[in-house]
Amino acid sequence: MSDRQPSQGLKTALELGPVAAFFAGYMLLRGETFEVAGTEYSGFILITAAFVPLIALSTYLLWRLTGALSKMQIVTLVLVIVFGGLTVWFNDERFFKMKPTLIYLIFGGILGIGLLRGQSYLRLVMDEMVPLDEEGWMKLTRRFTLFFFGLALLNEFIWRTMSTAAWVNFKTFGLTAAIFVFFITQGRLFRDHGTGEKDG
């Protein structure tokens, strides 16, 4: 593995590239039906089949470039492989639509367990990026826990009540916007509890 750290632009491209490719592929193939080995598959199913190896490749390249992967990246990759595989195997897009729900429930549950033990597991993965005092970490962890559970409920509501196109748009843009808004609304917490400790 290389000791040289990749540029932020390259890391962002590897992290967001598969999602962007999924969206672009869906927009091109939505409404289309394809026959493979005597079985009909929708464009969504075929795009999912392509998305799984693509995100596996991007995760592998991130590992090769940085020498490490976060637990969130590993859990996400495993669930993408499992639910993506189930989607293609059973020719049922519902499996892939449920994946974000399970991801957010797992993350929220892990943070919740930490809170019950009086610890901030969020601090273990974000401490270098967001320097906060102990009280700040506990507050942010509680808010993140509720946020993840809220996203899980929102994903379930959207895929069960709306069209596939609406869910794809939500997954591609809605989740990104929700995370951005969440961090923006934490400005006061970062200001009141920031320690200002930075390396170098």
Item to check | Any residue meeting ring-ring contact (aromatic ring centres under 6.0 Å, His included) with F107, in chain and number order, not counting sequence neighbours | outcome: F148
Next on the checklist: W167 and side chain to side chain donor-acceptor pair (under 3.5 Å): which single residue from T172, N155, T161 fits?
Outcome noted: N155
Item to check | Atom pair OG1/CG of T48 and D92 - distance to nearest 0.5 Å | outcome: 11.0 Å
Next on the checklist: Can you confirm whether T176 sits close enough to L16 that some side-chain heavy atom of one is under 4.5 Å from a side-chain heavy atom of the other?
Outcome noted: no
Anything under 3.5 Å between a donor and an acceptor, one on a side chain of residues 182-192, the other on a protein residue two or more places apart or in another chain? List them.
from	atom 1	to	atom 2	distance (Å)
T185	OG1	V181	O	3.2
T185	OG1	F182	O	2.6
Q186	OE1	R143	NH1	2.7
Q186	NE2	F182	O	3.2

Item to check | Partners meeting side chain to side chain contact (heavy atoms under 4.5 Å, CB included) with A166 (sequence neighbours left out) | outcome: M162, S163
Item to check | Check: L132 main-chain N/O paired with W137 side-chain donor or acceptor under 3.5 Å | outcome: yes
Item to check | Over all atoms of both residues, closest heavy-atom pair of D133 and T195 | outcome: N-CG2, 3.4 Å
Item to check | Ring centre gap for F22 and F44 strictly below 6.0 Å | outcome: yes
Checklist entry - If you group Ile, Leu, Val, Met, Phe, Trp and Tyr by side-chain heavy-atom gaps below 4.5 Å, do L57 and L65 land in one group? => result yes
Next on the checklist: Between M138 and R123, is the side-chain contact (heavy atoms from CB on, under 4.5 Å) condition met? List the steps.
Outcome noted: CA-CA 9 Å; M138 295 303 291; R123 183 175 188 173; over 6 Å; no
Next on the checklist: Can you give me the closest heavy-atom contact between F51 and V19, atom names plus distance?
Outcome noted: CE1-N, 3.9 Å
Checklist entry - What about Y60 and I74, same hydrophobic cluster or not, with Ile/Leu/Val/Met/Phe/Trp/Tyr joined at side-chain heavy-atom distances under 4.5 Å? => result yes
Checklist entry - Excluding sequence neighbours, so at least two apart, what forms side-chain hydrogen bond (donor to acceptor under 3.5 Å, both in side chains) with T164? => result E93, K97
Item to check | Side chain Y104, main chain G150, donor-acceptor under 3.5 Å | outcome: no
Item to check | Pair listing, salt bridge (Lys or Arg N to Asp or Glu O under 4.0 Å) test, anchored in residues 23-35, at least two apart | outcome: none
Checklist entry - Which value, rounded to the nearest 0.5 Å, describes the distance between W89 atom CH2 and I45 atom CD1? => result 14.0 Å
Next on the checklist: If hydrophobic clusters are built from ILVMFWY residues whose side chains come within less than 4.5 Å, do L175 and L105 share one?
Outcome noted: no
Next on the checklist: Between S58 (side chain only) and I55 (backbone N and O only), is there a donor and an acceptor less than 3.5 Å apart?
Outcome noted: yes
Next on the checklist: Looking at every non-hydrogen atom in both residues, tell me the closest pair between L54 and P18 and how far apart they are.
Outcome noted: CD2-CA, 3.8 Å
Next on the checklist: For R160, I'd like to know if atom CZ has over 12 heavy atoms of other residues, nucleotides or ligands within 6.0 Å.
Outcome noted: yes
Next on the checklist: If you compare all heavy atoms of P100 against all heavy atoms of K171, which two are closest, and at what distance to 0.1 Å?
Outcome noted: CG-CE, 4.5 Å
Item to check | Nearest atoms (heavy-atom pairs only) where L151 meets A178 | outcome: CD2-CB, 4.2 Å
Checklist entry - So, E40 versus T33: side-chain donor-acceptor pair below 3.5 Å or not? => result no
Item to check | Value rounded to 0.5 Å, distance of CD1 in I158 from CG in N169 | outcome: 10.0 Å
Checklist entry - From I110 CD1 over to T145 OG1, what is the distance, rounded to the nearest 0.5 angstrom? => result 10.5 Å
Checklist entry - Are F96 and M27 in one and the same hydrophobic cluster, where Ile, Leu, Val, Met, Phe, Trp and Tyr link if side-chain heavy atoms are under 4.5 Å apart? => result yes
Checklist entry - For the hydrophobic clusters of this structure (ILVMFWY residues joined by side-chain heavy atoms under 4.5 Å, transitively), does one cluster hold both L154 and F83? => result yes
Checklist entry - So which pairs with a foot in residues 107-118 pass side chain to side chain donor-acceptor pair (under 3.5 Å), sequence neighbours left out? => result R117-Y121
Next on the checklist: If you apply the rule side-chain contact (heavy atoms from CB on, under 4.5 Å), what do you find for L79 with I106, and how did you get there?
Outcome noted: CA-CA 11 Å; L79 292 178; I106 289 174; 3.8 Å; yes
Checklist outcome for this item: Taken to the nearest 0.5 Å, the spacing of F23 CZ from I47 CD1 works out to 12.0 Å
Item to check | For the student: nearest non-hydrogen atoms of P53 and A49, plus distance | outcome: CD-O, 3.0 Å
Item to check | Value rounded to 0.5 Å, distance of CG in L29 from OG in S42 | outcome: 9.5 Å
Checklist entry - Hey, does M98 have a side-chain heavy atom less than 4.5 Å from the side chain of E156? => result yes
